[in-house]
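As the structure lists them, so they are numbered: ligands from 1, and atoms in each ligand from 1. Residue indices begin at 1 and follow the sequence shown.
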Amino acid sequence: MILLLFGPPGCGKGTQAAFLAGRFHIPAISTGEMFRAERQAGTELGKLVSSIMSQGGLVGDEIVNGIVASRISRPDCAAGFLLDGYPRTVPQAVEFSALLQRKGLPNPVVIHLDVPDDLLVARLTARRQCPQCKRIYNLLSQPPKAADQCDDDGAALIAREDDREAVIRQRLRAYHELTGPILEWYGAAAVHSVDGGMPPDQVARAIALVVEAAQR
Ligand code: AMP
């Protein structure tokens, strides 16, 4: 089983990827994580992608297609895998499709976690962090015991720079611009949209149903 997971920043995609990996016994592969690991290890590839990543740009399609092709050839992917963060451009989707065909692998199950922008903005702007111990709170879902104070050390909680509304809206715009054409390329019939605005356990159940139905 090959799963592709799409979802906007702040939609809980990482949580769902981990859940799906456990439930279907497949590795969850994040190209962003792979690049971060290369960077940290100081490899040639890591050096190559480092400045692109710090500027928030996209790594070239050939490089990304190459690391995905080699990663999915590893034995742990024999029964399937989940990809998170790939494909990120239509040419990547085209090449990935050709790769699956060359390897005689089935078409992927495409899952799109759909969450209204306003809900994501509300969730992300409600994030607070303790400047001392770095603990994260959410005024909506995990509020501190005393208003605006860290439970552990009493420091005044702050909102992070990248959690400001204008920054979040910009990230969401960039996501929609990139992802829209990819979902269109796969076609409405192949894309399974799941309401990602529900609580995480309900989202997980909804995705599992979609995946099981697609396998039949
Ligand atoms: P992510 O953790 O998925 O947000 O990825 C972090 C960074 O890695 C991105 O901002 C890109 O620079 C790079 N990256 C990850 N996946 C891809 C991809 N499929 N295509 C191009 N660049 C990618």
Problem set entry | Co-membership, hydrophobic cluster, residues L20 and I29, 4.5 Å side-chain |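 No; I29 is not reachable from L20 via cluster members.
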Exercise. Heavy atom under 4.0 Å from ligand 1: found in V59's side chain, backbone, both, or neither?
Worked result: both
Exercise. Applying a 4.0 Å heavy-atom criterion (strictly less than), which segment of R36 is in contact with ligand 1: side chain, backbone, both, or neither?
Worked result: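 Just the side chain.
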Nearest-contact summary for [atom] - protein heavy atom, Å:
{"atom": "atom 1 (P) of ligand 1", "answer": "R88 NH2, 3.4 Å"}
{"atom": "atom 19 (N) of ligand 1", "answer": "G85 O, 2.9 Å"}
{"atom": "atom 11 (C) of ligand 1", "answer": "G57 O, 3.4 Å"}
{"atom": "atom 23 (C) of ligand 1", "answer": "F35 CE1, 4.0 Å"}
{"atom": "atom 16 (N) of ligand 1", "answer": "T31 OG1, 2.8 Å"}
{"atom": "atom 7 (C) of ligand 1", "answer": "M53 CE, 3.8 Å"}

Problem set entry | Distance-only donor-acceptor check, side chains R205 and Q202, under 3.5 Å |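 No pair is found: no donor N or O on one side chain lies under 3.5 Å from an acceptor on the other.
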Exercise. Going by the order shown, which atoms of ligand 1 are within less than 4.0 Å of some heavy atom of Q92?
Worked result: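 Every atom of ligand 1 under 4.0 Å from some heavy atom of Q92: 18 (C), 19 (N), 20 (N), 21 (C).
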Problem set entry | Carboxylate-amine/guanidinium contact R135 D153, below 4.0 Å |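 The answer is no: the pair does not qualify as a salt bridge.
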For this session: Of all the heavy-atom pairs spanning K13 and F6, show the shortest one and how long it is.
Result: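 Taking K13 first and F6 second, the nearest heavy atoms are CD-C, 3.9 Å.
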Problem set entry | Test item: Q101 side-chain N/O and S97 main-chain N/O as donor-acceptor pair under 3.5 Å | no
Problem set entry | Non-hydrogen atom of S30 closer than 4.0 Å to ligand 1 |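 It does not, in that no heavy atom of S30 comes within the 4.0 Å cut-off of ligand 1.
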For this session: Start with the C-alpha gap between T125 and E165, add the side-chain angles, then the distance that decides, and say whether side-chain hydrogen bond (donor to acceptor under 3.5 Å, both in side chains) holds.
Result: CA-CA 6 Å; T125 52; E165 177 159 353; 5.7 Å; no
Exercise. Is there a side-chain hydrogen bond (donor to acceptor under 3.5 Å, both in side chains) between D61 and T89 once you walk through the steps?
Worked result: CA-CA 8 Å; D61 289 339; T89 64; 3.0 Å; yes
